[in-house]
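Working notes for the structure below.
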Amino acid sequence: MFSNTMKLLGDRFRSAVRSSFGDDCPFDDQWIKPCNDPRFGDYQFNGALPLAKSLQKKPRDIAETLAGCVELADISAPLEIAGPGFLNIRLTNAYLSNALTSIPAGETSEYDRLGLQFDEAVETVVVDMSSPNLAKEMHVGHLRSTVIGESVSRILEFAGHTVERVNHVGDWGTQFGMLITHLRDVQPDVISDPDSLAIGDLEAFYVAAKKAFDGSEEFANRARQAVVQLQGGDEETLAVWRAFCDESLRHCHAIYDRLGITKLEDRGESFYNDQLAPTVQELTDAGMVETSDGAECIFLDDFKNRDGEPLPMIVRKSDGGFNYSATDLAAVRHRLRDIGATRLIYVVGIPQQQHFAMLFAAIRKSGWAADSVRLEHLAFGSMLGRDGKPFKTREGGTVKLKNLLEEAVQAARAAIDQRQGDDDDRSLSESQKQTISEAVGIGAVKYADLSHSLTTDYRFDMEQMLSFEGNTAPYMLYAYARIRSIGRKADIDLDALPSDAPITIEHDAEIALAKMITRFPEVISQIVRDLRPNVLTEYLYELSKAFSRFYDRRHGVRVTDAEPESTRMSRLRLCQITARTIKSGLYLLGIDTIEQM
RNA sequence: GCGUCUGUAGCUCAGUUGGAUAGAGCAUCGGAUUUCGAAUCCGACGGUCGCAGGUUCGAGUCCUGCCAGGCGCACCA
């Protein structure tokens with residue numbers, strides 16, 4: 001069975017430790033680690049050193065005892081004791097061969113799990129992601145939340161969890177009075193025929209509305225009145241508002257379609273409108289709310305403002321209106337009670353850290369969430385320009401996401417056209433070129449975003465992310481397309497190889513590749529736990545490099561013309577499994593593969 | 001002022017939650033192709049891990065204090 005080698009080793013060492021030093025002897029799975037230097041082996045057991053203290057023995061003696069009794073004959077060469085008491089583990093070729101041979105044929109479902117099983121308890125997870133403001137066009141600031149949110153959602157689904165992606169769009173508030181009023185003036189037909197509404201550029205529309213608001217007292221009055229009507233539930237006003245939101249959402253979904261985001265549930269702030277008062281009332285009844293300067297506030301320990309005074313979370317403004325804290329509280333309440341979520345993940349930038357710390361503290365205080373419910377702010381850093389400064393257009397404005405994606409696809413297209421000129425053997429049709437440049441351009445943007453650690457800011461560098469060298473989407477997509485072409489060229493259907501044909505691992509290049517493939521389960525387990533997509537990009541890069549060496553003219557092995565037939569079949573299966581692993585990994589990042597490029 | 005994030009090779013970034021001699025890519029220099037996809041592979045060069053203490057068998061990683069930069073701190077969301 002294709003299983004997690006690290007977990008397997010952990011189980012073996014746990015029994016060895018317990019049988020040698022007693023059933024209550026401490027054990028930590030973290031004691032098993034992959035070696036960072038291949039000269040020490042593949043994995044190492046570091047437990048002898050921490051055990052030395054609690055057992056009052058010498059670390060090397062402990063290591064020797066364990067080396068003598070741990071059952072690893074089916075996994076590792078004889079253990080070596082090194083340094084102060086490390087136990088070095090070297091996977092045998094037989095173990096690698098068996099592990100890979102046991103991988104079942106590909107699944108036809110959305111996820112190819114390569115036969116992996118996950119035994120965790122299934123959770124209902126709500127991932128709060130993307131969440132643009134409907135008053136304006138989506139801009140680059142929404143990219144990370146959308147891309148990271150999608151990847152994290154897929155990873156959790158892969159492990160068997162139920163995931164609901166929620167788009168907490170900004171569709172409520174005073175600015176909508178202004179927009180509705182302007183819409184009535186410019187497109188009066190919107191009430192009789194809401195489907196006729198078409199706004200080419202939301203940004204320009206917003207600017208025009210703002211100009212009218214600032215320039216005319218009469219307009220401003222009507223706008224303020226529209227807000228009152230909206231909140232009062234006036235049907236005609238609501239109809240105009242709904243038409244505007246629908247139009248804005250169409251703009252968003254054009255982008256989501258291009259990004260391959262398909263299961264995103266639009267549930268904006270307005271959705272919680274009638275739950276705001278009951279939510280605040282419930283907290284008031286619980287004695288958590290007090291009035292300060294006319295505003296209704298929740299005071300939490302450890303939060304101070306710039307004067308050192310206690311910093312409240314304002315749930316109701318002094319004018320009686322509710323603000324975003326109230327909305328967020330109502331949203332949490334809804335997700336816990338109505339959706340039955342056991343884990344809430346907010347994919348929102350670092351600047352909101354304090355807000356979420358306060359929100360979560362308030363929720364804990366309210367007792368709405370069971371202790372086992374995880375409340376997480378998956379905070380990410382900003383996307384910066386190539387110069388390390390905030391990402392802006394030349395004129396200093398915000399960069400529209402639509403334009404950024406189009407630019408990336410165009411740049412990918414240019415690169416493909418250039419390559420085509422150098423290589424007449426592989427001519428591509430116009431539609432193939434379009435498909436490829438779309439996949440490469442969009443994939444490059446996503447991959448660049450996900451390959452950086454979440455918390456740090458990163459520089460957006462189109463040239464770097466579209467490079468075919470280094471840890472980039474094009475390199476990965478190329479590795480995949482090249483493997484797929486091996487089958488095509490040799491007239492072999494890689495997907496139809498017999499899944500019981502044995503894989504034998506002998507050559508150094510095979511060993512290196514096999515070791516990378518067998519790490520897949522443990523990498524997946526780690527990112528299911530940590531939600532760190534860049535761990536996966538790093539892994540896929542290493543895997544792709546291992547394949548390139550495996551297939552290299554000088555350092556690698558022959559594949560399609562290898563002899564005897566059993567070797568050829570074994571290597572073809574290795575190719576197939578590598579391709580599936582890359583495809584599966586890229587899928588978890590939200591990136592589509594292409595069959596040729 | 002308080003909080004928070006960041007500081008690693010010339011540049012862009014990793015660093016598996018405390019493990020052995022800190023790694024990639026780019027750039028620079030050198031090598032491999034009578035093509036199973038060279039959009040590739042191999043090698044060389046390059047480091048006081050911001051600074052100073054501390055914790056311990058062991059610190060880029062943990063604690064404290066500095067230095068530098070980003071962001072957030074009462075009715076916008």
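Note on naming: letters A, B, ... go to the chains in the order of the sequence lines (proteins, then strands), and numbering restarts at 1 for each one.
Residue-level contact check: A:N323 touches the backbone only, with heavy atoms under 4.0 Å from sugar-phosphate atoms and none from bases. Using a 4.0 Å heavy-atom criterion, one finds that A:N36 contacts the bases of the nucleic acid, with or without backbone contacts as well. At a threshold of 4.0 angstrom between heavy atoms, the contacts of A:T472 with the nucleic acid are absent. When heavy atoms are screened at a 4.0 angstrom cut-off, A:R459 is found touching the sugar-phosphate backbone but no base atom. A:R554 comes within 4.0 angstrom of sugar-phosphate atoms only, judged by non-hydrogen atoms across all strands, and of no base. A:R571 comes within contact range of no nucleotide atom at all, as no heavy-atom separation falls under 4.0 Å. Residue A:C35 is classed as having no contact, given no heavy-atom separation below 4.0 Å to the nucleic acid. A:P50 comes within 4.0 angstrom of a nucleotide base, judged by non-hydrogen atoms across all strands. Using a 4.0 Å heavy-atom criterion, one finds that A:A82 contacts the bases of the nucleic acid, with or without backbone contacts as well. At a threshold of 4.0 angstrom between heavy atoms, the contacts of A:E542 with the nucleic acid are absent. A:D302 comes within 4.0 angstrom of no nucleic acid atom, judged by non-hydrogen atoms across all strands. Contact annotation for A:L311: backbone-only contact, meaning every heavy-atom pair under 4.0 Å involves sugar-phosphate atoms and none involves a base. Residue contacts shown for A:P351 are limited to sugar-phosphate atoms, with no base heavy atom under 4.0 Å away. Residue A:D37 is classed as having no contact, given no heavy-atom separation below 4.0 Å to the nucleic acid.
Residue order along RNA chain B, read from the 5' end via each residue's closest nucleotide, puts A:R488 first among A:R488 and A:F322. Residues A:Y324 and A:H452 both approach RNA chain B. Their nearest nucleotides, taken by heavy-atom distance, put A:H452 toward the 5′ side.
The side-chain contact (heavy atoms from CB on, under 4.5 Å) test applied to A:S318 returns no partner, not counting sequence neighbours.
Dashed line: the shortest gap from a side-chain N or O of A:K317 to OP1 or OP2 of B:rA74 is not under 4.0 Å. Side-chain N/O atoms of A:T456 include one lying less than 4.0 angstrom from OP1 or OP2 on B:rA14. At B:rU40, none of the side-chain N or O atoms of A:S548 fall inside 4.0 Å of OP1 or OP2 (strictly under the cut-off). Here A:K53 reaches the OP1 or OP2 of B:rC57: one of its side-chain N or O atoms lies under 4.0 Å away. The shortest distance between the side-chain N/O atoms of A:Y478 and the OP1/OP2 oxygens of B:rG37 is not below 4.0 Å.
Formation of a donor-acceptor pair under 3.5 Å by the A:S151 side chain with backbone atoms of A:L588 is found in this model.
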- Note on the structure: Per-residue pairing states of RNA chain B in dot-bracket (Watson-Crick or G-U under 3.5 Å; . unpaired, | other strand) read (((((((..((((.....[...)))).(((((.......))))).....(((((..]....))))))))))))....
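Annotation: side chain of A:K446 is not in contact with side chain of A:L589 (no heavy-atom distance under 4.5 Å). Within the 4.5 Å cutoff, no side-chain heavy atoms of A:K317 are placed close to those of A:F322.
For A:T455, taking side-chain heavy atoms from C-beta onward, the closest of the listed nucleotides B:rC26, B:rC5, B:rG19 is B:rC5. Considering only the side chain of A:K545, B:rC41 comes nearest among B:rC41, B:rU40, B:rG19.
Residue-to-nucleotide contacts include no donor-acceptor pair under 3.5 Å from the side chain of A:R553 to the base of B:rA32.
Going from atom CG of A:D491 over to atom P of B:rC36 covers 18 Å, rounded to whole Å.
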